**Student:** 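Sharing a structure, written as structure tokens. Questions coming.
This one's a predicted model, so the numbers in the text were calculated from it and none came from an experiment.
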Amino acid sequence: MSKKTNSAVTCWDVVSAVLSSTNRALLHGPPGTGKTHAACRLGLTGDQQKVFSLTLTEETPAAELRGHYILKDGKYVWHDGPAVAAWRCGGRLVVNEIQRGGPDVHSLLLNITDDLEIAEMDLPSGEKVKPAKGFMCVATMNGDPKELLDPALLDRFPVSIHIDKVHPAAIEQLPNDVQHAAKKTALIEEEDRRISVRAWYAFARLREKLMKSLTEDEAVDYAARAVFNSRASDALDALKIAKSEAG
């Protein structure tokens, strides 16, 4: 098998090659490119490695990530959050939208992503926990981490890969006539002009259902208006251009 030239290597080639060889990785770039899909599925250390995933918001408490007490059978018992659960079994922790977490969550993540040899945590239950062999954390985010992520937390992710292409598996889920349009619009730099693959997927599914009761032109028009709203004409133009280039 011949090696790819530097110009032929894509971000997904890099992700596939390195994800199983690092314990901390950050995937960043435009939304809807397959970052979460890759973080949860690529480079796992064997079929048995468990994946624990959560998506952060500004309101996410640190306890949701670490763990907390719950009431069970009339008693309060400790319940591990995804971070501690991944630590215990040497699993993979996937943290989506890492830049959205608040200060408390980011402080906890500094602990969670510390060097495996020295990382440890005292739980509110009084137990001390350490990461088991195999633990890794993959974080995802939209945008530029240097602008949006706390420098101390960014430093925890020496492997930081810019995702500048839509994952092939995401494109392959789309009908042929939509694939080219999605490739053209999903990575546009200007956010107000970008159309994500998720939106194209929703359009394709709705169009298919509407064609059972409407003409093809009506189904395309109505699905575009419903999914893309004010961007409907842009999306339809992209489809026409894709069709002409393919034909």
Side-chain angles (χ1 to χ4, degrees), residues 10-13 15-16 19 27-44 51-60 64 82 94-101 138-144 148 161-247:
T10 72
C11 60
W12 294 115
D13 293 323
V15 171
S16 297
L19 212 55
L27 309 182
H28 59 92
T33 49
K35 298 186 295 296
T36 298
H37 173 88
C40 292
R41 292 173 174 81
L42 298 185
L44 296 173
V51 177
F52 302 83
S53 177
L54 82 162
T55 299
L56 299 182
T57 69
E58 291 82 355
E59 291 77 31
T60 301
E64 182 176 336
V94 177
V95 183
N96 296 306
E97 302 286 356
I98 189 173
Q99 83 283 4
R100 295 187 182 277
V138 182
T140 72
M141 63 175 290
N142 304 325
D144 186 346
L148 301 174
I161 304 172
H162 180 218
I163 304 302
D164 58 2
K165 292 185 180 298
V166 180
H167 195 283
I171 293 294
E172 290 169 2
Q173 295 178 20
L174 297 169
N176 290 336
D177 66 325
V178 179
Q179 289 185 13
H180 189 70
K183 290 179 182 178
K184 290 282 189 179
T185 60
L187 297 172
I188 294 175
E189 289 290 337
E190 298 85 355
E191 186 175 348
D192 60 345
R193 295 181 55 229
R194 187 188 307 138
I195 302 176
S196 73
V197 173
R198 289 190 184 94
W200 282 114
Y201 184 67
F203 163 79
R205 292 188 65 186
L206 183 57
R207 179 185 65 174
E208 181 181 2
K209 292 181 179 180
L210 291 177
M211 286 180 65
K212 296 177 181 179
S213 57
L214 301 172
T215 66
E216 181 177 353
D217 287 344
E218 288 175 331
V220 171
D221 183 52
Y222 291 178
R225 291 174 185 269
V227 174
F228 303 118
N229 299 300
S230 62
R231 301 291 315 287
S233 60
D234 295 335
L236 292 175
D237 287 342
L239 276 174
K240 292 176 182 177
I241 293 171
K243 185 176 181 179
S244 64
E245 289 180 350

**Student:** Sequence neighbours excluded, which residues qualify as side chain to side chain donor-acceptor pair (under 3.5 Å) partners of D221?
**Tutor:** R225
**Student:** C40 and V51: which non-hydrogen atoms are nearest, and at how many Å?
**Tutor:** O-CG2, 3.6 Å
**Student:** Report the C-alpha separation of R231 and R193 in whole Å, then their side-chain angles, then the decisive distance to 0.1 Å, and conclude whether the side chain to side chain contact (heavy atoms under 4.5 Å, CB included) test is met.
**Tutor:** CA-CA 8 Å; R231 301 291 315 287; R193 295 181 55 229; 4.3 Å; yes
**Student:** Please list, chain by chain and in numerical order, all residues satisfying salt bridge (charged side-chain N to carboxylate O under 4.0 Å, His left out) with E58, sequence neighbours excluded.
**Tutor:** R100
**Student:** Suppose we screen for side chain to side chain donor-acceptor pair (under 3.5 Å). Which residues come up paired with T215, at least two apart in sequence or across chains?
**Tutor:** E218
**Student:** Would you please name every residue forming a side chain to side chain contact (heavy atoms under 4.5 Å, CB included) with P31, sequence neighbours left out?
**Tutor:** N142, R194
**Student:** I want to check something: taking the side chain as every heavy atom from C-beta on, are H167 and K35 in contact at a cut-off of under 4.5 Å?
**Tutor:** no
**Student:** Run the side chain to side chain contact (heavy atoms under 4.5 Å, CB included) test against Q179 and tell me which residues pass, sequence neighbours left out.
**Tutor:** I171, L174, N176
**Student:** Under 3.5 Å, which donor-acceptor pairs link side chains of residues 199-209 to any protein atom two or more places apart or in another chain?
**Tutor:**
from, atom 1, to, atom 2, distance (Å)
W200, NE1, T185, OG1, 2.8
R207, NH1, D177, OD2, 2.8
R207, NH2, D177, OD1, 3.3

**Student:** What's the spacing between M141 CE and L148 CG if we round to 0.5 Å?
**Tutor:** 4.5 Å
**Student:** What closest approach, in Å, do V15 and A38 show between heavy atoms, and which atom pair accounts for it?
**Tutor:** CG1-CB, 4.4 Å
**Student:** Can you name the closest pair of heavy atoms from W12 and P168 and give their distance?
**Tutor:** CD1-CD, 4.0 Å
**Student:** Does the side chain of K184 reach to within under 4.5 Å of the side chain of I241, using non-hydrogen atoms?
**Tutor:** no
**Student:** With a 4.5 Å cut-off on side-chain heavy atoms, are I195 and F228 touching?
**Tutor:** yes
**Student:** Just how far is it from atom CD of E64 to atom CG of L54, taken to the nearest 0.5 Å?
**Tutor:** 6.0 Å
**Student:** Would you indicate whether the side-chain heavy atoms of T33 and V197 approach each other to under 4.5 Å?
**Tutor:** no
**Student:** Can you sort out the partners of D164 under side chain to side chain donor-acceptor pair (under 3.5 Å), two or more places apart, ordered by chain and number?
**Tutor:** none
**Student:** For a quick test of reading the model, state the closest non-hydrogen atom pair linking A186 to V166 and the distance between them.
**Tutor:** CB-CG2, 3.7 Å
**Student:** Starting at OG1 of T10, measure out to CD1 of I163 and round the result to the nearest 0.5 Å.
**Tutor:** 8.5 Å
**Student:** Please enumerate all residues that pass side chain to side chain contact (heavy atoms under 4.5 Å, CB included) together with S16, with sequence neighbours excluded.
**Tutor:** L42
**Student:** In chain order, what residues pass the side chain to side chain contact (heavy atoms under 4.5 Å, CB included) check against T55, with sequence neighbours excluded?
**Tutor:** N96, E97
